[in-house]
Amino acid sequence: MQKTYDPSRIEPYWYERWEHNGYFEPSGQGTPYCIMIPPPNVTGTLHMGHAFQDTLMDILIRFHRMRGHNTFWQPGTDHAGIATQLVVERQLNAAGKDRLEMGREAFVEKIWEWKDKSGGTIQNQMRRLGASVDWSRERFTMDEGLSTAVREVFVRLHEEGLIYRGQRLVNWDPVLETAVSDLEVESTEEQGSIWRLRYPLADSDESLVVATTRPETMLGDTAVAVHPNDPRYAHLIGKKVKLPLVGREIPIVADEYVDMEFGTGCLKITPAHDFNDYEVGQRHGCEPINIFTGQATINENAPAAYQGLDRFEARERIVADLKAAGLLDGIDPHKLMVPRCERTGAIVEPYLTHQWFVDLTRKTQPDGRPGGWTEITDPAIQAVRQGQIQFTPENWTKTYYNWLEDIQDWCISRQLWWGHRIPAWYDNNGQVYVGRSEAEVRKKHGLPDTHSLQQDPDVLDTWFSSALWPFSTLGWPENTQELSTFYPTNVLVTGFDIIFFWVARMIMMGLKFGGEVPFKEVYIHGLVRDSEGAKMSKSKGNVLDPIDIIDGIDLESLVQKRTTGLMQPQRAPAIEKQTRKAFTNGISPHGTDALRFTFASLATTGRDVVFDMGRVDGYRNFCNKLWNAARYVLLNTEEQDCGANDEAVMLGSADRWIISRLQTTEKTVIEALETYRMDLAAQAIYEFLWDEYCDWYLELCKPVLQQDTDAKRQRGTRRTLVRVLEAVLRLAHPFMPFITEEIWQRIAPLAGIDSPTIMHQRYPIPAAELEDQTAEAEIEWVQRFILGLRRIRGEMDIPPGRALPVLLKNASPKDLERLEQHRVALDFLGRLESVDVLDANADTPESALALIGELELRVPIAGLIDKAAELERLSREQSKLESELKRIQGKLQNEAFVSKAPAEVVTREREKLADIEDALTRVAEQQQKMA
RNA sequence: GGGUGGUUAGCUCAGUUGGGAGAGCGUCGCCCUUACAAGGCGAAUGUCGGGGGUUCGAACCCCUCACCACCCA
């Protein structure tokens, strides 16, 4: 093995080999285990969230594969309708071209070109991460097969009356001119104003004042609402106001929606441009008046003076005109939530348009057939409530229920060109026909070719196809082998941010069309944040490319990367400054295994994953530790007798100890993996490998390998060195696939194993009969002995190279037996010059003291010990012991404790008390002697 | 306004049926001991957010307050 650990040398090599040899494909044997990847954007790049999530999935996949399951991890991408169309459109604009001039067909062609060009990026980044997905079955939401599934679902839902077309208020992006989903709208608090507008009554000199954050919408007002219990306005209910600038007379209505405390207590009602007003308007029979065009300019329903104005220009003009008319009562600064489209940054407009909806709310349809609530929503709730699907952590079910129980119909149409075209055709009479194809529609409805049909120009929400992902990827609606083997899948691994939009919808569609839940478990992980705890985003300039952590990147390149292609270029200097501060020397290379191990150890139950580069540094060191430990093992075992063919061996207590500890570690790791506690699993592996195998076992081996003359003992030690390492490599493989494979290739033959890859080896199974309490007690005694000695060394500033004479006093027969048995190890690890056992009544010379239970370990002072330092240490130890003594005495003197606490707890406290009293006596003696 | 989660060492976080406060990183000493200086050995560091309650006993259970974060309206 190379002397230094160099991940860049081993990682790409092994991945290429694994993939080339088809090791990621399902074995076809054993219990099926399947995970569907949450499909990333086909033209996207890997961010930290992906890397985190992919790591967690790969750990589960490799774990189950090694347990002998028929394991399948489905990879793929989605077409990300808006994002992708936008990217290509921007490219065209930069080249001086225009989508509309170009035409739909040519534009879509351009997007496919872009997809082919940049489509492989994220897949190759996943390869760098070691993701063991089955690339041979990769899917894309706009593949032919998946598109068939989309059409099939649409048609069937429509046939059942569960998809309808209607006019509703939707979130509208006036830049893209499309409806967008709630998920794509981000509301943030922004500074705005409240305008107080005075509306005169129609039939008197009275007037009232409405408060609004959006004065321009007054052109579409259809009512003014007050609270029915508001005494200030009770006399006005039922009267009319004359809408300024427009002249329309609109009613004053009473509605409990109005907040009497807010503003003036009078609310202008604009049903066509506000979700709440729409509801209020409906209650009072107000016809919505739409005053905007698709680009949010004022349309022909408004007075001519304002037509054609942009919504923000219109606001200024209207406020100015009202002011001129003496109808502006005032302007107050006000913070309000402003909804913006995540993609374009444009302020989203509630907008009244014709869209396609999935019914999720009706219990029954007017014709008596079951409605969407009964057919789709309620079953999705029940599946979780009745435990067919389990969430981890369980708490997230609340979020799930909250949303589903208050669900709205799902707007699935988008006014885009990139996506699945809605399978609906219109004739010249406006009659709509839904079917799998135009031919099917014509056949079904007996429409001759001469009867003109136009397909609906809109496409479906990307989430509509994503909702089908768990079964459409497996070949549905065909009844394929894959579908019957892997559906329902085992677990969905995802972030809590898309529980509503994706998880819930997959459950709905899975139950409806897959006939069963799409997955039995949902593992919800946290979201990756930067070291300050802030969400990572390009515009904040705090994103990290996982590949940069793997390969390393110099500061200049990092600054460059973070400051190019910004939506707000003016932020570049701030981002540059912040980057230079946070990464003074850029990012050093860490390798994939270290990054993966970091992600695993960050996967706690919390919902924020605060990413700290220091952790990655630490785990890279861990990889290095493993590497060097393996080198040491090989150095001592290669071409030597390791008992690979089950020759007779003798195992010492150190051997039996490390084997016993390995069983415990295996149990911990497996249990942690089964409960999605990757952090605990990683911690157990880390501690075993570093604190037990490296720090103690390798050291305990040295005297045996270097000095022992018994072949069976040496063979036993070599065999244990090799076998334990081999097992822990398998244990750690799901977390650190590359380094474990590389080392395993060298170690496995020494353990008598012949196989091309660790990937297909069995995951360790803890064996109760290998647990050995006796050996653990033995080694613990040795550890305490050595630690006591080391502490004296450290505190007395005695160089580690200097051999020490040791005196033992108050030794029990057991102590003497252990001393005898472990003498070689103690000499080696403790650098003992001599050991003398003193009689109980013998005089003890001035010496530094360490207590191992009742056994006194003493190092004589002459010429070695700093008397003052020892006295200082003794007084520190004394006060520590005394405070502990006080605590325990207090407990035991409490009669209620003695009588009510379990007997074993009381006994334990009594024993502790005795130990402490004993230790205090010795410390006091020692102090006297030194004084 | 409704809901959820959080508050433990300087930093990031564990703490699984309530019974001796932990890890990593950082800090401070001593060591280039033939696997590893990306290392070894040792040390220091906490009114477990505040208050109250239940209990023999609370970081953990209950109530309450404060602050932070997120989600929904």
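A, B, ... follow the sequence lines: proteins, then strands. Residue 1 opens every chain.
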Expressed as a whole number of Å, how far does the C1' atom of B/C62 sit from that of B/A21? 23 Å
Of the nucleotides B/A14, B/A38, B/C56, which has the atom closest to the A/A896 side chain? B/C56
Quick one: sort the A/Y523 and A/Y676 rings into parallel, tilted or perpendicular, breaks at 30° and 60°. parallel
Watson-Crick or G-U wobble partner of B/U4, both distances under 3.5 Å: B/A69
Counting side-chain heavy atoms from C-beta on, which of B/G40, B/G42, B/C36 comes nearest to A/D695? B/G40
Go ahead and name the base partner of B/C61; Watson-Crick or wobble counts if both distances stay under 3.5 Å, otherwise write none. B/G53
Can you check the distance between B/A14 and B/A73, where both ends of the measurement are the C1' atom (answer in whole Å)? 36 Å
Taking any strand in view, what nucleotide pairs with B/G26 in a Watson-Crick or G-U wobble way, both distances under 3.5 Å? none
Hey, does A/I888 reach any base, or is it just sugar-phosphate, or nothing, if we go heavy atoms under 4.0 Å? nothing
Provide the distance between the two P atoms, one in B/A9 and one in B/G42, to the nearest whole Å. 25 Å
Whole angstroms only, please: what is the CD-P distance between A/E895 and B/C56? 13 Å
Nearest-Å distance for atom pair CG/P, residues A/L689 and B/A23: 18 Å
Is any side-chain N of the basic residue among A/E405 and A/R385 closer than 4.0 Å to the acidic one's carboxylate O? yes
Would you please say whether a donor-acceptor pair under 3.5 Å links the side chains of A/T604 and A/D679? no
Winner on side-chain proximity to A/Y686, out of B/C41, B/A14, B/G24, is B/G24
With a 4.0 Å limit, can you tell me whether A/N621 has a side-chain N or O closer than that to the phosphate oxygens OP1/OP2 of B/G39? yes
Would you kindly give the CD-to-C1' distance between A/Q706 and B/U34, to the nearest whole Å? 9 Å
Euclidean distance for C1', B/A43 against B/U4 (whole angstrom): 42 Å
Nearest to side-chain heavy atoms of A/R790, which nucleotide of B/G20, B/G42, B/C36: B/G42
Pairwise P distance, B/A59 and B/U8 [rounded to whole Å]: 15 Å
State, to 0.1 Å, how close A/P393 and A/T605 come at their nearest heavy-atom pair, and which atoms those are. CG-O, 4.2 Å
Which part of the nucleic acid, if any, lies within contact of A/E671, taking any heavy atom under 4.0 Å across all strands shown: a base, the sugar-phosphate backbone alone, or nothing? nothing
When you compare B/A58 with B/G52, how far apart are their P atoms, in angstrom units rounded to a whole number? 13 Å
I want to confirm an ordering. Mapping A/V905 and A/E687 to their closest nucleotides on RNA chain B, which one lands closer to the 5' end? A/V905
Using a distance-only test with no angle check, is there a side-chain donor-acceptor pair under 3.5 angstrom linking A/Y257 and A/N276? yes
Please determine if a side-chain N or O atom of A/K625 lies less than 4.0 Å away from the OP1 or OP2 oxygen of B/G40. yes
Within this structure, what is the CD-OG1 distance for the pair A/Q714 and A/T637, rounded to the nearest 0.5 Å? 12.5 Å
Are a donor atom and an acceptor atom from the side chains of A/E394 and A/Q390 found within less than 3.5 Å of each other? no
Pick from A/F599, A/F496, A/W396, A/F52: which one makes a ring-ring contact (aromatic ring centres under 6.0 Å, His included) with A/H525? A/F52
Which base sits across from B/A9 as a Watson-Crick or G-U pair, both distances under 3.5 Å? none
What is the distance, to the nearest angstrom, from the CG atom on A/L892 to the P atom on B/G20? 12 Å
Measure from NZ or CZ of A/R661 to the centre of the six-membered ring of A/W690 and say whether it is under 6.0 Å with the direction within 45° of the ring axis. no
When the distance from CH2 of A/W690 to P of B/A37 is rounded to whole Å, what number comes out? 11 Å
A/D617 CG to B/G26 P, straight-line distance once rounded to whole Å: 8 Å
Look through every strand shown and name the nucleotide pairing with B/U33 as Watson-Crick or G-U wobble, where both distances are under 3.5 Å. none
With a 3.5 angstrom cut-off on both distances, give the Watson-Crick or G-U wobble partner of B/G18, or none if there isn't one. none
Taking only N and O in the side chain of A/R908, is any of them less than 4.0 Å away from OP1 or OP2 of B/G57? no
Would you kindly give the CZ-to-P distance between A/F828 and B/U33, to the nearest whole Å? 13 Å
Nearest-Å distance, CD (A/E394) to C1' (B/U16)? 15 Å
Tell me which nucleotide, if any, is Watson-Crick or G-U wobble paired with B/A38 when both distances must be under 3.5 Å. none
Distance between C1' atoms of B/C48 and B/C13 (Å, rounded): 13 Å
Shorter than 3.5 Å, N or O on both sides, protein versus nucleotides 4-13 of chain B: list them out with atom names.
{"unit_1": "B/U4", "atom_1": "O2", "unit_2": "A/R607", "atom_2": "NH2", "d": "3.0"}
{"unit_1": "B/G5", "atom_1": "OP1", "unit_2": "A/N395", "atom_2": "ND2", "d": "2.6"}

Under 4.0 Å between any heavy atoms, over every strand shown, what does A/C694 touch: base, sugar-phosphate, or nothing? Just pick one. base
Write down the distance separating the C1' atoms in B/C28 and B/C68, rounded off to the nearest Å. 33 Å
OP1 or OP2 of B/G19 sitting under 4.0 Å from any side-chain N/O of A/K912? no
Does A/K625 make a cation-pi contact with A/Y693 (under 6.0 Å, within 45 degrees of the axis)? no
Have A/R620 and A/S588 got a donor and an acceptor in their side chains that come within less than 3.5 Å? yes
When we call it a touch if two heavy atoms are under 4.0 Å apart, what does A/R620 touch: a base, just sugar-phosphate, or nothing? base
Nearest-nucleotide pick for A/L635, side chain only, options being B/A35, B/G42, B/A23: B/A35
Base, sugar-phosphate, or nothing: which does A/R677 touch, judged by heavy atoms less than 4.0 Å apart? sugar-phosphate
